[in-house]
Structure formats: structure tokens, C-alpha cells
Engineer: 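Starting off with a structure, shown below.
Nothing fancy with the numbering, it's 1 onward along the sequence.
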Amino acid sequence: MKTRSLRGQVLLGILAALVLTAASMTAIVFMNGGVAPGGYGFPGTSRCTPPRLPGAVIHVTASDMGGPMMGGRGMMRRSMQLTADRSTVTSGEVSFLVTNAGNIPHEMMIIPLADTQIAGTRPVGRDGKIDEAGSLAEAAATCAEGEGNGILPSAAGWITLDLKPGRYELVCNLPGHYWAGMYTQLTVT
């Protein structure tokens, strides 16, 4: 038998480790039903499958950095996001599919913006929330439509409504989430 050099053994060991790691990750992804909602590539199973939604569908992703910095006074500015796959939609029936790609519950509310108002500039109260007056609807139920106690991680919620032309702000209004960056603007033409 021929002995391999130390360098050859190390390279063979590294190659074997890489192949085994790739095979293991592939097996985990397939066994768990794919990657988590939001496309981050972490193995996970979506907790629900939404129904076929009517009208134009806007995919909204709620995300956070997770860990001990989430929640309460320790929350960092811009540590969370609410993003939509488009910023403009035609008026009429519009459905919002909200996927929680974060580590804590989230929600999405739709609130009209005044002509000169800028998304992300609403005053935040002592309770860590903005004024919800004028809100048109919210997706805050796990694996269901409409209001609820928040969309759990790796799950989705949805709403459908008739939107008139104008500017709207999509927000998560759980305590501290708006302040931490969970808002985006939607223009309806």
C-alpha cells in the first residue's frame, strides 16, 4: 500500500468534510420541506399554506435580527424590516401575503399616508406603538386571514381589500417594531 503525504491526507479530509456537510444540509432541507419563508436558506417548515389569493398579490416579508436584542427597551433602531416585493400596485382588489421570516411574532397594518407624510415618521407613543387611527386592515393571524395575535415565525397571514389610488404605509405595530424599522411605503395608482 502506498502512503499518502500529510498534505494529501489533509486535503482529502477537507474534501470529505465538505462533501459530508453538503450532503447533510441537503438532506435536512428536503426532510424539513425546504427553506424557511423569506429565502434566508435556513432549514425549516412553513407552518401553513395560504389559499389562492384574489387580485394583485403583494408578498410582504417581516424580519428581525432575533436574539436577545429583540423586544423591550433593548431593541435596536433598524434591527427589523418590513419589505414588499413591489412598491406600486394598480387600484382595486389587492391581497397581501405576509410571511414572518423572523424569530418573533409580527403583523402588518395598512394605514393611508397624508400627501406630505413620509413613511417611518409617525410618532411612537409610550407604549411603543403608533396611532392606528385610519388603519384599513391588518394581517396579524397565524395561518389565517385578518386580525389576530401576531404571525408566528416561519408562518404567514394574509388580507385582501379594495384599495383606492393613494399612498399607504405598511407597518408592524407591535410594541417597538415600528421604531425598530418595520414600515414601508406602497403607492396605489
Side-chain angles (χ1 to χ4, degrees), residues 37-40 46 48 50-66 70-71 75-189:
Y40 289 102
S46 178
C48 54
R52 183 175 171 92
L53 298 171
V57 178
I58 297 177
H59 296 269
V60 178
T61 302
S63 58
D64 56 71
M65 290 175 20
M70 293 293 99
M75 198 172 303
M76 297 178 353
R77 191 88 161 140
R78 292 182 199 54
S79 60
M80 298 185 182
Q81 286 187 315
L82 192 69
T83 57
D85 66 347
R86 61 177 119 170
S87 60
T88 306
V89 68
T90 304
S91 63
E93 191 171 41
V94 178
S95 292
F96 294 86
L97 177 58
V98 184
T99 302
N100 184 349
N103 297 297
I104 59 176
H106 293 293
E107 67 180 13
M108 187 209 70
M109 301 181 80
I110 302 165
I111 306 173
L113 279 168
D115 289 338
T116 59
Q117 194 171 14
I118 298 169
T121 62
R122 295 176 191 270
V124 177
R126 301 186 119 220
D127 62 355
K129 298 168 75 174
I130 61 171
D131 184 358
E132 296 179 0
S135 171
L136 302 179
E138 76 179 78
T142 298
C143 301
E145 183 172 8
E147 296 183 25
N149 295 322
I151 301 168
L152 294 176
S154 298
W158 51 88
I159 53 171
T160 300
L161 63 153
D162 188 31
L163 286 178
K164 295 178 176 21
R167 293 181 328 115
Y168 300 87
E169 188 172 20
L170 310 179
V171 306
C172 178
N173 202 26
L174 294 177
H177 291 207
Y178 183 83
W179 181 85
M182 295 198 79
Y183 56 83
T184 192
Q185 183 175 311
L186 176 69
T187 301
V188 179
T189 57

Engineer: Kindly indicate whether the side chain of Val94, heavy atoms from C-beta on, has any atom under 4.5 Å from the side chain of Leu161.
Structural biologist: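 Heavy-atom side-chain distance check fails, nothing below 4.5 Å.
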Engineer: Could you go through Ile110 and Ile159, starting from their C-alpha distance and side-chain angles, then the distance that decides it, and tell me whether this counts as side chain to side chain contact (heavy atoms under 4.5 Å, CB included)?
Structural biologist: CA-CA 10 Å; Ile110 302 165; Ile159 53 171; 3.6 Å; yes
Engineer: Output, in order, the C-alpha distance, side-chain angles, deciding distance and verdict of side chain to side chain contact (heavy atoms under 4.5 Å, CB included) for Leu186 and Leu163.
Structural biologist: CA-CA 11 Å; Leu186 176 69; Leu163 286 178; 4.2 Å; yes
Engineer: Taking side chain as C-beta onward, heavy atoms only, is Pro175 less than 4.5 Å from Asp127?
Structural biologist: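 Of all side-chain heavy-atom pairs linking Asp127 with Pro175, none is under 4.5 Å.
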Engineer: Measure the shortest side-chain to side-chain distance between Arg86 and Ile58 over non-hydrogen atoms and say whether it is less than 4.5 angstrom.
Structural biologist: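 Arg86 reaches Ile58 side chain to side chain.
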Engineer: Atom OG in Ser87, atom OH in Tyr168: separation rounded to 0.5 Å?
Structural biologist: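 Reported to 0.5 Å precision, the distance equals 15.0 Å.
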Engineer: Using every non-hydrogen atom in the two residues, find where Trp158 and Pro51 come nearest and quote the distance to one decimal.
Structural biologist: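 Nearest pair, atom of Trp158 first, then Pro51: CZ2-CD, 3.2 Å.
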Engineer: Drop me the distance from Gln117's CD to Arg167's CZ, to the nearest 0.5 angstrom.
Structural biologist: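 So the CD of Gln117 and the CZ of Arg167 are separated by 7.5 Å.
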Engineer: For side chain to side chain contact (heavy atoms under 4.5 Å, CB included), just list the numbers for Glu93 and Thr160, CA-CA rounded to whole Å, side-chain angles, deciding distance to a tenth of an Å, and then say yes or no.
Structural biologist: CA-CA 7 Å; Glu93 191 171 41; Thr160 300; 3.7 Å; yes
Engineer: Would you say that Met109 contacts Ile130 through its side chain, given a criterion of any heavy-atom pair below 4.5 Å between the two side chains?
Structural biologist: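 A side-chain contact is absent here, since even the closest heavy-atom pair is not under 4.5 Å.
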Engineer: Near Ile118 CD1, under 6.0 Å, is it more than 12 heavy atoms from other residues, nucleotides or ligands?
Structural biologist: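 No.
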Engineer: Nearest 0.5 angstrom please: Leu97 CG to Thr61 OG1, how far?
Structural biologist: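 Here the interatomic distance stands at 8.5 Å.
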Engineer: Nearest heavy-atom pair of Ala84 and Leu170: which atoms, and what distance?
Structural biologist: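 For Ala84 and Leu170, the tightest heavy-atom pair comes out as CB-CD1, 4.4 Å.
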Engineer: Atom CG in Asn100, atom CD in Glu107: separation rounded to 0.5 Å?
Structural biologist: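 Answer for the CG-CD pair, Asn100 versus Glu107, is 11.0 Å.
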Engineer: Quick one: are Leu82 and His106 in side-chain contact, heavy atoms under 4.5 Å?
Structural biologist: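 With C-beta onward as the side chain, the pair stays apart.
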Engineer: Quick check for you: to the nearest 0.5 Å, what is the distance between Ser79 atom OG and Trp179 atom CH2?
Structural biologist: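 It is 7.0 Å, given to the nearest 0.5 Å.
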Engineer: Quick one: are Arg122 and Ile111 in side-chain contact, heavy atoms under 4.5 Å?
Structural biologist: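 The answer is yes; the side chains approach within 4.5 Å.
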Engineer: Give, for atom CG of Asp64 and atom SG of Cys172, the distance between the pair rounded to the nearest 0.5 Å.
Structural biologist: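 Between atom CG of Asp64 and atom SG of Cys172 there are 9.5 Å.
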Engineer: Before you tell me yes or no, could you show the steps for Met182 and Met108 under side chain to side chain contact (heavy atoms under 4.5 Å, CB included), namely the whole-Å CA-CA distance, both residues' side-chain angles and the distance that decides it to 0.1 Å?
Structural biologist: CA-CA 9 Å; Met182 295 198 79; Met108 187 209 70; over 6 Å; no
Engineer: Of all heavy-atom pairs between Pro112 and Gly134, which one has the smallest distance, and what is that distance?
Structural biologist: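 Heavy atoms only, the tightest pair is CD-O, 3.2 Å.
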